[in-house]
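Report on the following structure.
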Amino acid sequence: MTQAKNGDTVRINYNGRLPDGTQFDSSGNEPLQFTLGEGQVIAGLETHVEGMEVGAKSTVTIPADAAYGPHRPEAVMTVDRARVPDNINVDIGARLQVRTPEGRPMPVTVVGVDDTSVKLDGNHPLAGRDLVFDVELVEIVQAA
């Protein structure tokens, strides 16, 4: 049987969860399609799918370094509350977008707030976390 290889466009069903069982993502009703080797999904998942055969099912734990990387303390910043417009939701957990000094948009999560400051985390919400995926290779759409 044919194995998925670098350059193949594949379709997978998956459920992503944390080691404690909390689900964070799923392919839902429609398989996820991506091309192996193009970095369209996290590295650990891509590596796991490579070599699978159509119809194969497996579970893999992907360490943080092969997922969204380590949690970087330097990506957490505190800004003066007065610099945040009143119409912006600063509830803990709110996802916002800020601009880097170079002008690029950067997603952040509000992780703390008080009367004088807002603490923003620029790390991916799953940074620093090991991830568990249940994977089924549904189809090799186009072989390289």
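Heavy atoms only: backbone and side chains are in, while hydrogens, waters and symmetry mates are out.
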task = Start with the C-alpha gap between F24 and L131, add the side-chain angles, then the distance that decides, and say whether side chain to side chain contact (heavy atoms under 4.5 Å, CB included) holds.
result = CA-CA 9 Å; F24 63 83; L131 307 177; 3.7 Å; yes
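- Side-chain contact between V110 and K119 is absent, with no heavy atoms from C-beta onward closer than 4.5 Å.
- Counting heavy atoms of neighbouring residues, nucleotides and ligands inside a 6.0 Å radius, atom CG of D115 does not exceed 12 of them.
- Residue pairs meeting the ring-ring contact (aromatic ring centres under 6.0 Å, His included) criterion with at least one member in residues 73-103, sequence neighbours excluded, do not occur.
- A continuous path of hydrophobic side-chain contacts links Y14 to L126 [ILVMFWY only; heavy atoms under 4.5 Å].
- T22 places no side-chain N or O within 3.5 Å of a backbone atom of L18 that could act as its donor or acceptor partner.
- Under the side chain to side chain donor-acceptor pair (under 3.5 Å) criterion, Q40 pairs with E38, not counting sequence neighbours.
- The CG atom of N6 sits 9.5 Å away from atom OG1 of T47, with the distance rounded to the nearest 0.5 Å.
- Side-chain contact check for I12 versus V49: some heavy-atom pair is nearer than 4.5 Å.
- Contact annotation: the side chain of N15 never approaches that of R17 to less than 4.5 Å [non-hydrogen atoms, C-beta and beyond].
- For residues 87-115, no pair satisfies ring-ring contact (aromatic ring centres under 6.0 Å, His included), with sequence neighbours left out.
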Indicate every side-chain donor-acceptor pair of residues 28-37 with a distance under 3.5 Å to a residue at least two apart or in another chain.
| unit_1 | atom_1 | unit_2 | atom_2 | d |
| --- | --- | --- | --- | --- |
| E30 | OE2 | R11 | NH2 | 3.3 |
| T35 | OG1 | T9 | OG1 | 3.0 |

What pairs of donor and acceptor atoms, side-chain ones from residues 58-77 against any protein atom, are under 3.5 angstrom apart with sequence neighbours left out?
| unit_1 | atom_1 | unit_2 | atom_2 | d |
| --- | --- | --- | --- | --- |
| S58 | OG | H48 | NE2 | 2.5 |
| T59 | OG1 | D134 | OD1 | 2.7 |
| H71 | NE2 | D121 | OD2 | 3.0 |
| H71 | NE2 | N123 | ND2 | 3.1 |

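- Within the 4.5 Å cutoff, the side chain of T78 has no heavy atoms near those of the V118 side chain.
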Donor-acceptor contacts, no H, no angles, side chain residues 83-105, under 3.5 Å, sequence neighbours left out:
| unit_1 | atom_1 | unit_2 | atom_2 | d |
| --- | --- | --- | --- | --- |
| N89 | OD1 | D91 | N | 2.8 |
| R95 | NH1 | T109 | OG1 | 2.4 |
| R99 | NH1 | G103 | O | 3.1 |
| T100 | OG1 | E102 | N | 3.3 |
| T100 | OG1 | E102 | OE1 | 3.2 |
| T100 | OG1 | G103 | N | 3.4 |
| T100 | OG1 | R104 | N | 3.1 |
| T100 | OG1 | R104 | O | 3.4 |

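- Residue pairs meeting the ring-ring contact (aromatic ring centres under 6.0 Å, His included) criterion with at least one partner in residues 72-117, sequence neighbours excluded, do not occur; the list is empty.
- At a threshold of 4.5 Å between non-hydrogen side-chain atoms, the residues L120 and V111 do not count as touching.
- Applying the side chain to side chain donor-acceptor pair (under 3.5 Å) test to E136 and every residue at least two apart in sequence or in another chain returns N13.
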